[in-house]
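We count ligands from 1, going down the list as the structure has it; atoms in each ligand are counted the same way.
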Amino acid sequence: MNASASIGRTGPRTRWGRLLARRATARSAIAGTAVGILTLGVSAVLAASGTAEATQEVRRAQAVTQVLNDISVQVNTQDAALREYLATGGTEYRGEQLAATLDSARSGLDWLQQHDAVDRVELDAIRGAYADYSRIVVEIMAQTERGAKVQGYTELAAPAFAPLRDEVLGNVRRNQEALAGYLADVDRRADMLQTVAEVTILIVAVLFAVCALVLVGYQRRAERQTARRLHEATHDPLTGLGNRAMLHDQLDTAVRHGYETGEPFSLLLIDLDRFKEINDTLGHHTGDELLVEVAQRLDDGCRGDDVVVRLGGDEFALIMPTTPDQPEAVEAGHRILEVLRRPIQLSGLTVDIDASIGVAVYPRDGADAAELLQHADVAMYAAKRRHGGVAGYDASLDEGDASRLSLQSELRQGIERGELVVFYQPKVDVATRMPCGAEALVRWQHPARGLLAPDSFIPLAEDTGLIDLITIEVLDQALAQIARWAELDHPLPVSVNIPARSLTDDTFPATVATALQRHGVRPELLTLEITESAVIADMMRAGEVLGELREQGVNISIDDFGTGYSSIAHLRDMPPHELKIDRSFVMKMCENSRDETIVRAVVDLARNLRLRVVAEGVETESALQALDDLGCHEAQGYHISRPLPAADLTAWLAGAGAGSGMANSAGR
Ligand code: C2E
Ligand code: MG
Ligand code: MG
């Protein structure tokens, strides 16, 4: 699986998007929507109550009009009866009809008064007119009954009837007008409410849309956050590769799939060699750069359905679903190694890296994820013990792995209990073949496993920081031994190997000075061997520490010269006293002309820079002779002597002094 691009900022990018994402916008939209809905509700209530009130008013006006009309009809009827009465000369029949109409409008007028239906003054005017008219009618009837001569209608009743009729009709008209005015008012109010409702609906619709957008925005943000959290939980932030959690997940899936289909797959664990050294000396930033580059190479190198993850530190893992057996997986491991071994440019330096790869195959090496991982780990450490390369899991490796786990705590105890012993491998002057120094090489006298070579515990010590204790212990023992040989009148310079991290430790020069003083040893009898990588890695800090050591008079030797980093430029800036040609070139220099050329070049380089040059790994007389011909100053190797316990070297020195020093092979 490819490294996922890390998820960047997930917030909205546009101005509108940002505005919508603001909490204040959401709150305002919700509050606005609530106010809008409330306004709509109030409008509806007002409209409903307005309608009810209007209906009631119309009914009332209709009733008033009806009553006024009735009054109008009643007085007109009365007037018509009067005229008939007068026209017939006051017959009894007409008189009864007229009498029946008397006071007929009173109940209507009382109703108007009770219901306060017309203006008081208006009502009084009607009542007054009606009373006048009624009085005249009664008077006419009385006169007629007495047989008196009654004047004509026009002279007597008409002047009283006209104001009464006008008053009644005027009130009918005014009542109609008032109703029309009221209805016009109701219409205006209804129009206004409708406008308010329409505008409110529009605003609510907009606010509702804003609310919806805000909600959708929140939901999207929540989804993005969930996705980011999931990504963070399953990915390594530095390299963008999956992390340990993803490996477990994918491994479980692969095992399930394998169980169901019977298809095997491979798991590779990859651990970088010397990463800690690079991290310690070049700094974390460069270490990070290296990890990113390694991740990129792994990612580029794997197939589409492979899963590559970083487990932490310098450890990576690869699930290869379509690599079904160990030979094929080991071959894939070699291909990966090839890619990783290509030089890497870091902070202006060319760095070579190497890795150890352990292979486990499902179901052959494990039935579940945990077992597969454990066995890939065992295989990886087996590869590490062999100094890199690829190792497939094998049940016989388990023993070695168990011992590795207990090694760390045992080593700490071993150092405290004084189980570290220092062997010395002599160096001879190539021209005279006389001993001219020795290299202090640590061994661990393990109570159960016997004498252990440094390769079996120094890498672990470097990984865990225990190397500092070892450096101090070896320095102390070596200085004590130098003092003893000086007392015996065999003053012999001794070289002590110093790990890279000591050169970035400001207190290291003081530690050396104190140790020299404690043992009363002259500083020129002590040489500190450092690897090229340590010097190159952090020139600034290493330069300061080395400068202080040089000032004390201690010699500096570049060990394993020719491997690791290209350092010729730095030899000019910070010259050591000595170059030590790596044994890999010296051992085969007589058979391999390329090796011989490198040895020759280093010897020439050292001599031109006026540095002493030492060849280590001299296993044959012919190599020693060839070094002599090339002008190499000093030689160290099994042909001269294997590393020996101090007492044996003392004896050897006595023998070498007598001229029989070559080819002791008793030590290891
Ligand atoms: P080195 O510093 O390059 O030491 C030389 C190694 O080459 C020694 O291995 C020595 O035994 C071996 N050697 C010497 N002559 C020959 C030869 O003719 N042929 C072959 N094949 N090998 C030869 P040793 O003692 O196993 O040490 C291995 C490495 O362990 C050392 O390499 C050094 O890097 C590290 N080491 C040893 N002692 C210490 C120590 O006290 N402190 C630290 N930091 N590292 C140490
Ligand atoms: Mg050395
Ligand atoms: Mg060496």
Side-chain angles (χ1 to χ4, degrees), residues 273-274 276-277 280 385 387 411 415 419-428 437-444 451-479 481 493-503 505 508 515 526-534 555-564 576 578-590 595 599 602 613-624 627 634-645 649 662-668:
D273 296 341
R274 294 198 315 158
K276 196 164 168 22
E277 182 184 316
D280 282 350
R385 278 196 296 276
H387 302 288
L411 180 57
I415 297 167
E419 289 170 11
L420 294 188
V421 285
V422 178
F423 276 37
Y424 297 88
Q425 187 175 30
K427 295 187 284 182
V428 294
E439 179 175 6
L441 293 161
V442 72
R443 273 96 182 93
W444 178 12
L451 197 66
L452 299 181
D455 288 355
S456 62
F457 61 91
I458 290 286
L460 177 80
E462 282 179 340
D463 277 352
T464 55
L466 285 173
I467 192 70
D468 291 336
L469 295 178
I470 294 179
T471 304
I472 290 173
E473 175 65 21
V474 173
L475 196 62
D476 195 59
Q477 289 197 31
L479 287 172
Q481 191 55 52
V494 171
S495 303
V496 174
N497 293 285
I498 300 300
R501 54 193 275 139
S502 293
L503 296 183
D505 175 6
F508 186 65
L526 177 66
T527 296
L528 299 180
E529 287 190 12
I530 55 178
T531 51
E532 270 180 281
S533 57
N555 297 298
I556 305 296
S557 172
I558 304 289
D559 202 0
D560 304 344
F561 193 82
T563 61
E578 177 184 287
L579 294 188
K580 213 165 172 189
I581 310 170
D582 190 67
R583 59 182 186 269
S584 60
F585 304 115
V586 179
M587 273 153 49
K588 298 205 181 79
M589 64 179 282
C590 292
D595 285 351
V599 173
V602 177
V613 56
V614 185
E616 66 180 0
V618 179
E619 294 188 338
T620 58
E621 177 59 30
S622 52
L624 189 57
L627 289 166
E634 295 175 24
Q636 173 183 345
Y638 292 171
H639 175 62
I640 297 150
S641 166
R642 287 183 177 251
L644 300 170
L649 184 63
M662 300 296 103
N664 179 323
S665 58
R668 48 171 294 166

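- Close contacts between ligand 1 and P643 involve ligand atoms 11 (O) [criterion: under 4.0 Å to a heavy atom].
- At a cut-off of 2.8 Å, N497 is counted among the residues with an N, O or S atom near the Mg ion (ligand 2).
- The CG atom of L526 sits 8.5 Å away from the CD1 atom of I556 when rounded to the nearest 0.5 Å.
- Ligand-side atoms of ligand 1 in range of P454: 24 (P), 25 (O), 26 (O), 27 (O), 28 (C), 30 (O), 37 (C), range being under 4.0 angstrom from any heavy atom.
- Annotation: the span from L469 atom CG to I415 atom CD1 amounts to 5.0 Å, rounded to 0.5 Å.
- Of the heavy atoms in R583, only side-chain atoms (C-beta onward) come closer than 4.0 Å to ligand 1.
- Residue L451 holds its CG atom at 9.0 Å from OG of S456, rounded to the nearest 0.5 Å.
- Under the 4.5 Å side-chain criterion, counting only non-hydrogen atoms from C-beta, P645 is not in contact with V421.
- At a 4.0 Å cut-off, at least one heavy atom of E439 sits close enough to ligand 1 to count as contact.
- Between Q425 and I640 there is no side-chain heavy-atom pair separated by less than 4.5 Å.
- Every atom of ligand 1 is numbered from 1 in the order shown, and the set under 4.0 Å from a heavy atom of D559 is 1 (P), 2 (O), 3 (O).
- Nearest to the Mg ion (ligand 2), among the N, O or S atoms that D559 has, is OD2.
- Within the model, atoms CG of L460 and CD1 of I467 stand 10.0 Å from one another, a figure rounded to the nearest 0.5 Å.
- With a 4.0 Å cut-off on non-hydrogen atoms, V618 touches ligand 1 through its backbone and not its side chain.
- Minimum-distance N/O/S atom of E616 relative to the Mg ion (ligand 3): OE2.
- Among the atoms of Q636, none of the N or O lies under 3.5 angstrom from an N or O of ligand 1.
- Looking at L528 and L475, their side chains come closer than 4.5 Å, going by heavy atoms from C-beta outward.
- Those atoms of ligand 1 with a heavy atom of E616 less than 4.0 angstrom away are 3 (O), 5 (C).
- Of all the N, O or S atoms in D560, the one closest to the Mg ion (ligand 3) is OD1.
- In terms of N/O distances under 3.5 Å, ligand 1 is approached by R443.
- You'll find the side chain of P454 stays beyond 4.5 Å of the side chain of L441, heavy atoms only.
- Here is the list of ligand 1 atoms found below 4.0 Å of a heavy atom in G637: 15 (N), 18 (O).
- Defined by atom type and a distance below 3.5 Å, a donor-acceptor pair is present between the side-chain atoms of Q477 and E473.
- Atom OG1 in T527 sits 10.0 Å away from atom CD in E439 (nearest 0.5 Å).
- Put simply, the side chain of W444 reaches to within 4.5 Å of the side chain of L420, judged on heavy atoms.
- Using a 4.0 Å cut-off between heavy atoms, D455 contacts ligand 1 through its side chain alone, with no backbone atom that close.
- Taking the Mg ion (ligand 2) as reference, the nearest N/O/S atom within E529 carries the name OE1.
- Counting heavy atoms under 4.0 Å from ligand 1, residue D560 touches it through the side chain alone.
- If you look at M587 next to ligand 1, the close heavy atoms, those under 4.0 Å, all belong to the side chain.
- Put simply, D582 stays out of reach of the Mg ion (ligand 3), with no N, O or S atom under 2.8 Å from it.
- At a 4.0 Å heavy-atom cut-off, ligand 1 does not touch K580 at all.
- By the 3.5 Å distance cut-off applied to N or O atoms, E619 is counted among the residues near ligand 1.
- The N, O or S atom of E439 with the smallest distance to the Mg ion (ligand 2) is OE2.
- Of the inter-residue distances, the one linking I458 atom CD1 with I470 atom CD1 reads 4.5 Å to the nearest 0.5 angstrom.
- The closest approach between a heavy atom of A453 and any atom of ligand 1 is not below 4.0 Å.
- Residue V474 approaches ligand 1 through these ligand atoms, each under 4.0 Å from one of its heavy atoms: 41 (O).
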### Query
Under the side-chain contact (heavy atoms from CB on, under 4.5 Å) criterion, do V494 and Q481 qualify, and how do the steps go?
CA-CA 9 Å; V494 171; Q481 191 55 52; 5.9 Å; no
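- For the 3.5 Å distance criterion, the side chains of K427 and S495 qualify, holding a donor opposite an acceptor.
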